[in-house]
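Below, chains carry the letters A, B, ... as their sequence lines are ordered, and counting in each starts from 1. Remember, it's a predicted structure, so these values are computed and weren't measured experimentally. All heavy atoms count here, side chains included; hydrogens, waters and symmetry mates do not.
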There are 2 protein chains.
Amino acid sequence: MIDKNSPVPIYFQIEEYIKSSIEQNELRPGDMLPSEREYAESLGVSRMTVRQAFTNLVNEGYLVRQKGRGTFVANQKIEQSLSGLTSFTEDMKQRGLTPSNQLITFHLIPGPKNICEKLEIPEHSPIYEILRVRLADDSPMAIERSYLSANLVKGLTEDIVEHSLYEYIERTLQFSIGTATQTLEATIASEEDADFLHVDVGAALLGIQRLTKLENGTPLEVVYSLYRGDRYKFMIDLKR
Amino acid sequence: MIDKNSPVPIYFQIEEYIKSSIEQNELRPGDMLPSEREYAESLGVSRMTVRQAFTNLVNEGYLVRQKGRGTFVANQKIEQSLSGLTSFTEDMKQRGLTPSNQLITFHLIPGPKNICEKLEIPEHSPIYEILRVRLADDSPMAIERSYLSANLVKGLTEDIVEHSLYEYIERTLQFSIGTATQTLEATIASEEDADFLHVDVGAALLGIQRLTKLENGTPLEVVYSLYRGDRYKFMIDLKR
DNA sequence: CAGTGGTCTAGACCACGGT
DNA sequence: CCGTGGTCTAGACCACTGG
């Protein structure tokens with residue numbers, strides 16, 4: 001169960017083991033775990049190593065510690081939905097819907113001023129403009145306009161865009177996405193919107209603007225989305 | 001600077017000292033801190049103790065560690081705006097607007113089923129129902145319907161509600177607010193909504209539902225709000 | 001009372017970054 | 001090469017919980 005000679009840190013191996021035990025329901029919410037000392041002895045490692053694993057899992061919301069009592073499996077993992085920076089694809093899957101795309105336009109254009117400012121690149125720099133209708137269970141859910149710097153995200157093709165852009169960025173380009181600033185507002189469907197989304201003119205739409213940055217702070221993507229008000233709710237957990 | 005005989009843990013004292021150094025601009029974003037070993041020696045404590053303080057500050061977004069280089073003051077404390085659980089009053093002040101209230105109704109009623117379920121109390125338990133129009137710079141911004149258990153939030157009066165409910169809950173009752181689950185969706189103004197908000201029927205409104213819980217997990221408040229789409233945007237920072 | 005998590009020590013070796 | 005953070009050890013005493 002634990003490989004001391006692995007390059008993977010022991011505390012991380014312990015974390016993974018406990019996480020999978022929880023996910024496979026071998027450990028249920030409210031269950032008490034073996035004490036830190038028991039764990040340490042049975043694995044033949046120091047108590048501090050076990051403690052590091054436990055601490056991380058507490059911070060991630062999997063476990064709860066109680067002084068003088070023990071360590072327990074948390075009732076609900078709050079962090080799961082908290083501050084989730086997800087792609088449309090991931091978001092829909094989490095909701096139990098099947099996502100798909102309908103690519104409307106895919107252009108390489110000289111960047112307009114307002115976009116370039118947000119991406120922190122010179123005006124007129126080459127930019128990919130991607131217009132997609134996002135479908136869930138084959139029915140329109142949102143319109144999405146994305147802008148990415150062509151000098152940063154190289155080798156973008158229609159194929160990639162129709163599949164999953166985030167997967168390409170994270171898996172193939174090995175970029176690690178950091179944070180995003182997002183704005184939500186309510187608007188009304190114009191004639192063009194109504195057309196794409198199969199709703200009436202004047203229907204309620206949820207407008208979402210997002211600026212995504214990499215972990216090193218480089219702006220990655222500007223996205224303007226319009227979600228159907230009758231099909232989409234945005235959920236978020238907040239902490240005081 | 002550090003009191004070893006204090007009941008306050010050493011790592012916590014170190015945290016507070018570093019935090020205040022950052023807040024008073026003695027340490028600026030990008031500055032490198034003394035190494036863990038230097039800190040430990042100069043304070044006469046173990047390196048692991050310093051490390052615990054550093055680790056907590058990294059998790060809170062104050063510091064950034066770089067393998068082989070050092071520990072640095074973070075550029076921007078993301079957590080500041082991230083996942084901000086704020087009251088309407090706080091929210092408006094942050095935006096530079098002056099908040100005020102117009103109390104429409106304030107009733108003590110037997111709780112309807114759906115509300116009581118969310119508040120995790122028996123059906124028909126006494127509940128305060130508060131209906132307010134929220135103003136910013138004396139112009140309508142939102143309609144808010146709040147529900148609170150009268151057995152939990154005692155001594156509520158019209159005066160308190162017209163001032164600031166959260167202040168009463170946190171300052172006077174000494175409750176500490178923990179987390180909230182929030183849902184946002186786009187809707188259309190009904191005739192009644194339009195009346196309260198001074199907008200046209202069919203105008204875009206941002207509907208926000210919130211369930212707030214105390215730190216011990218007790219549900220505190222259910223709120224249904226309708227914000228004017230032309231005046232209000234909801235902003236949030238997300239982490240991957 | 002025994003067992004738990006909370007804090008702390010004084011070392012150790014490693015992988016990494018920059019000189 | 002040296003200094004950094006990353007990991008790990010084998011102890012220790014404390015405050016708290018429960019029986």
Side-chain angles (χ1 to χ4, degrees), chain A residues 1-19 27 29-75 174 176 215-216, chain B residues 1-19 27 29-75 215-216:
Chain A
M1 159 190 163
I2 294 287
D3 179 4
K4 280 205 179 192
N5 298 318
S6 161
V8 178
I10 297 173
Y11 75 87
F12 192 80
Q13 295 181 44
I14 299 175
E15 277 179 54
E16 291 298 310
Y17 174 73
I18 295 177
K19 265 197 235 178
L27 283 172
D31 284 2
M32 184 174 140
L33 274 78
S35 78
E36 296 170 355
R37 287 172 182 84
E38 276 181 63
Y39 246 113
E41 197 183 357
S42 78
L43 297 178
V45 301
S46 163
R47 184 186 156 207
M48 286 301 284
T49 303
V50 174
R51 223 181 131 67
Q52 188 176 357
F54 277 34
T55 300
N56 289 341
L57 291 174
V58 167
N59 288 335
E60 288 167 28
Y62 286 96
L63 303 181
V64 175
R65 283 207 259 238
Q66 286 185 43
K67 230 185 303 188
R69 297 228 301 132
T71 304
F72 304 83
V73 178
N75 289 44
Q174 300 263 33
S176 77
E215 256 178 6
N216 62 21
Chain B
M1 158 192 164
I2 294 288
D3 178 4
K4 280 206 180 194
N5 297 319
S6 161
V8 178
I10 296 172
Y11 74 88
F12 192 80
Q13 295 183 43
I14 299 174
E15 278 178 54
E16 292 298 310
Y17 174 73
I18 295 177
K19 264 198 238 179
L27 283 172
D31 283 2
M32 184 173 139
L33 274 78
S35 77
E36 296 171 355
R37 287 172 181 83
E38 277 181 63
Y39 246 112
E41 197 182 359
S42 79
L43 297 178
V45 302
S46 164
R47 184 185 157 209
M48 286 302 283
T49 303
V50 174
R51 221 180 132 67
Q52 186 175 358
F54 276 33
T55 300
N56 289 342
L57 292 174
V58 167
N59 288 335
E60 287 168 29
Y62 287 96
L63 303 181
V64 175
R65 283 206 260 238
Q66 285 185 43
K67 229 184 305 186
R69 296 228 302 134
T71 304
F72 304 83
V73 178
N75 289 45
E215 255 176 9
N216 61 21

>> OP1 or OP2 of D:dC8 versus the side-chain N and O atoms of A:S46: is any pair under 4.0 Å?
In response: no
>> Using the side-chain heavy atoms of A:V45, tell me which of these nucleotides is nearest: C:dT7, D:dT9, D:dT7.
In response: D:dT9
>> Distance check needed: C:dT9 C1' versus B:E41 CD, whole Å only.
In response: 15 Å
> Any side-chain donor-acceptor pair under 3.5 Å between A:S46 and A:R51?
Replying inline: no
>> If you compare every side-chain N and O of B:T71 against the phosphate oxygens of D:dG5 (OP1, OP2), does one of them come in below 4.0 Å?
In response: yes
> What's the CD1-C1' distance between B:I2 and C:dT7, to the nearest Å?
Replying inline: 14 Å
> Between C:dC13 atom P and B:K67 atom NZ, what is the distance in whole Å?
Replying inline: 20 Å
> Crowded around B:E41 CD? As in, over 12 foreign heavy atoms under 6.0 Å?
Replying inline: no
>> For C:dT9 and B:K4 - does any side-chain N or O of the residue sit under 4.0 Å from the phosphate oxygens OP1/OP2?
In response: yes
>> Whether the side chain of B:R37 and the base of D:dG5 hold a donor-acceptor pair under 3.5 Å is what I'd like checked.
In response: yes
>> What verdict does the side chain to side chain contact (heavy atoms under 4.5 Å, CB included) test give for B:R65 and B:T55, after you've listed the backbone C-alpha separation in whole Å, the side-chain angles of each residue and the deciding distance to 0.1 Å?
In response: CA-CA 9 Å; B:R65 283 206 260 238; B:T55 300; 2.6 Å; yes
> Base, sugar-phosphate, or nothing: which does A:E38 touch, judged by heavy atoms less than 4.0 Å apart?
Replying inline: sugar-phosphate
> Which whole-number value in Å describes the distance from B:N56 CG to C:dG6 P?
Replying inline: 12 Å
> Given the rule in the side chain to side chain contact (heavy atoms under 4.5 Å, CB included) test, do B:T49 and B:Q52 qualify, once you have shown the distances and angles that lead to the verdict?
Replying inline: CA-CA 5 Å; B:T49 303; B:Q52 186 175 358; 5.7 Å; no
> Can you tell me if the side-chain N/O atoms of B:R65 get under 4.0 Å from OP1 or OP2 in D:dG6?
Replying inline: yes
> Of the nucleotides C:dA12, D:dT9, C:dT7, which one has an atom closest to the side chain of B:R47?
Replying inline: C:dA12
>> Check this for me: does the side-chain of A:R69 come within 3.5 Å of the base of C:dG3 through a donor and an acceptor?
In response: no
> What's the CG-P distance between B:L43 and C:dT9, to the nearest Å?
Replying inline: 10 Å
>> How many whole angstroms separate atom CD1 of B:I10 from atom P of D:dC13?
In response: 16 Å
> Would you say C:dC8 has OP1 or OP2 under 4.0 Å from some side-chain N or O of B:T49?
Replying inline: no
> Want to settle it: does A:M48 or A:Q66 sit nearer the 5' end of DNA chain C, counting the closest nucleotide to each?
Replying inline: A:Q66
>> Taking 4.0 Å as the cut-off, does a side-chain nitrogen or oxygen of A:R51 come that near to OP1 or OP2 on C:dG5?
In response: no
> Base, sugar-phosphate, or nothing: which does B:Y11 touch, judged by heavy atoms less than 4.0 Å apart?
Replying inline: sugar-phosphate
>> Please report the distance, rounded to the nearest Å, between CD in B:E15 and P in C:dC8.
In response: 11 Å
>> Reading DNA chain D from 5' onward, which residue's closest nucleotide shows up sooner: A:G68 or A:V8?
In response: A:V8
>> Without decimals, in angstroms, what is the distance between A:I14 CD1 and D:dT7 P?
In response: 13 Å
> When you measure from the side chain of A:E36, which nucleotide among D:dG6, D:dT9, C:dG5 comes out closest?
Replying inline: C:dG5
>> For a side chain to side chain contact (heavy atoms under 4.5 Å, CB included) check, start with the C-alpha distance between A:Y17 and A:Q13, then their side-chain angles and the critical distance, and finish with the verdict.
In response: CA-CA 6 Å; A:Y17 174 73; A:Q13 295 181 44; over 6 Å; no
> Is the closest side-chain heavy-atom distance between A:Y39 and A:I18 below 4.5 Å?
Replying inline: yes
